Enquirer: 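Before we start, here is the structure in question, set down as structure tokens.
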There are 2 protein chains.
Amino acid sequence: MATMHRMQTAGLELFYANGYYATSVDDILKKLSLSKGAFYYHFASKEDFFIQIIQNLLARKIYSVLIEPIEGHDNPLEQIVDCFEEALETAVHNDMDFGCVLNNFLTEFRGKDQKIMKHLCDIFSIWEVNLVSTLQKGKFNGYVDRHVDCEAAATYLISSYFGVRTLMVGTTPSARKYRFMSQLRVYLKSLEPRKVVA
Amino acid sequence: MATMHRMQTAGLELFYANGYYATSVDDILKKLSLSKGAFYYHFASKEDFFIQIIQNLLARKIYSVLIEPIEGHDNPLEQIVDCFEEALETAVHNDMDFGCVLNNFLTEFRGKDQKIMKHLCDIFSIWEVNLVSTLQKGKFNGYVDRHVDCEAAATYLISSYFGVRTLMVGTTPSARKYRFMSQLRVYLKSLEPRKVVA
DNA sequence: GGTTAATCCGACCGTTTGGTCTGTACAAAG
DNA sequence: CTTTGTACAGACCAAACGGTCGGATTAACC
């Protein structure tokens, strides 16, 4: 694997684990047994390094994990349950959950680094827009009730997903996952089409 | 106001705005035109300073804003709507929302400072326990359906509340608040007692 | 063999960090 | 007037930070 790619992979891991500001360039280099020269040969600055990680790694992962599995199928509500279920399962095993990564970075850079914030918001926006249109398509296909406000539903779904990751820090994350999923199903049930009253 | 109290107030503001690690002791002292001597006369360390802020300011505010307004009333579902509505309104005006503060710190210290994490989890736990017991009381009083899993509902409610604060960073926070509240009502509606089928 | 460009090393720099320590202004007590 | 303890000032420190720079290594090409 090329050095540049190794740096990005290790960088994302450490930034996710410790935060951007709390992770020094030396930390990353120490993990890979590399030197300052190697880093600043490939990247202009720490900020530039981070932005490349976002665009090369995070954006693609968000798409493949949170967008692609949902869009393109018939019943969006079922796909959402499966997708969240899978994402939270990786969270239970403490593997890197890219939805959580995005959430962490969004909170860390709020009101600080505008440039980085722009890139993060772009990624988030893509996810949101896709979720909304998928719900609207589900409405068209009869899987979502026609009275549902799809934009509001997307906001609520993403909110709950982002938030539950914060709750899964403490003890018994799998219990919290189970509780969350049960109520997610309750909420999604209310989006289903009303039975036609004969 | 005593110097010690002024430091804590200013400290919380800056920690909330910039994060714990990204805020230096000098930043706080500069804001109050004080010196290092004053700080380390009152506090043993930056960590000790932060813990005192958590216990003296954050814990009390969480109670008065998120716990007290919900408990003790008849219908918990109505109180939850009002309470979240009010909390998110302060968020729209960019004032300090203490639920958001707790969320930010929980994500910032995850897996880093165990000692601080313990204190934050304690505060969170109090909120969660209160919300669960309030829902259970609501079930007893006939405002919540008897089939509802109160622990799961509390988890879901807190998740969505924590998460929506992340979404309100970008543009049009008030629009996101409106969408969130509409779906919160949809969800809470599904917790109401089923009409007895005659 | 000599030249060139790519890749990486590691000493070094200025600044900032959390924290220490000596000193001092001052009010209350003797 | 002297003593004593409180409440702060600010110079100072070692460590860590992001970033620079001259040089070493290596392989490819003429």
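The structure presented is a predicted model; accordingly, all values stated were derived computationally and were not measured. Naming convention: chains lettered A, B, ... in sequence-line order (proteins, then strands); numbering from 1 in each chain. Both backbone and side-chain heavy atoms feed into the values below; hydrogens, waters and symmetry mates do not.
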Enquirer: A:E86: which residues meet the side chain to side chain donor-acceptor pair (under 3.5 Å) condition with it, sequence neighbours left out?
Expert: none
Enquirer: Return a table of donor-acceptor pairs under 3.5 angstrom between the side chains of residues 66-82 of chain A and protein atoms on other chains or two or more places apart.
Expert:
from, atom 1, to, atom 2, distance (Å)
A:E71, OE2, A:Y63, OH, 3.1
A:H73, ND1, A:E71, O, 3.3
A:N75, OD1, A:L77, N, 3.1

Enquirer: So, using ring pair (Phe, Tyr, Trp, His ring centres under 6.0 Å) as the criterion, who are the partners of B:F50 when residues are at least two apart?
Expert: B:F15, B:Y20, B:F105, B:F109
Enquirer: Partners of B:F43 by ring pair (Phe, Tyr, Trp, His ring centres under 6.0 Å), sequence neighbours excluded?
Expert: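 B:F43 satisfies ring pair (Phe, Tyr, Trp, His ring centres under 6.0 Å) with B:F39, B:F49 only.
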Enquirer: Can you name the residues that form a ring pair (Phe, Tyr, Trp, His ring centres under 6.0 Å) with B:Y161, not counting sequence neighbours?
Expert: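 Ring pair (Phe, Tyr, Trp, His ring centres under 6.0 Å) list for B:Y161, sorted by chain: B:F84, B:W127.
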Enquirer: With sequence neighbours left out, which residue pairs that include part of residues 117-137 of chain A fulfil the salt bridge (charged side-chain N to carboxylate O under 4.0 Å, His left out) condition?
Expert: A:K118-A:D122, A:E128-B:R176
Enquirer: A:R110: which residues meet the salt bridge (charged side-chain N to carboxylate O under 4.0 Å, His left out) condition with it, sequence neighbours left out?
Expert: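 Per chain and number, A:R110 pairs via salt bridge (charged side-chain N to carboxylate O under 4.0 Å, His left out) with no residue.
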Enquirer: Considering only heavy atoms, which members of residues 20-29 of chain B lie under 4.0 Å from some atom of DNA chain C?
Expert: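 Contacts with DNA chain C under 4.0 Å: B:T23, B:S24, B:V25.
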Enquirer: How would you summarise protein contacts on nucleotides 3-9 of chain C per nucleotide, using B for base, S for sugar-phosphate only and - for none, with heavy-atom distances below 4.0 Å?
Expert: ---SBSB
Enquirer: Give the rounded distance in Å between these two atoms: NZ of A:K30 and C1' of D:dC17.
Expert: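 For the pair A:K30 NZ and D:dC17 C1', the rounded distance is 14 Å.
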Enquirer: So, does B:Y40 get its side chain near the phosphate of C:dT20, meaning an N or O under 4.0 Å from OP1 or OP2?
Expert: no
Enquirer: B:D145 and B:H147: side-chain donor and acceptor closer than 3.5 Å?
Expert: yes
Enquirer: How close or far is atom C1' of D:dT6 from atom CZ of B:F43, stated in whole angstroms?
Expert: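 Whole-Å distance recorded here is 16 Å.
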Enquirer: What's the CZ-C1' distance between B:R6 and D:dC8, to the nearest Å?
Expert: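 So the CZ-C1' distance, B:R6 to D:dC8, works out to 12 Å.
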Enquirer: Whole angstroms only, please: what is the CZ-P distance between B:F39 and D:dG10?
Expert: 17 Å
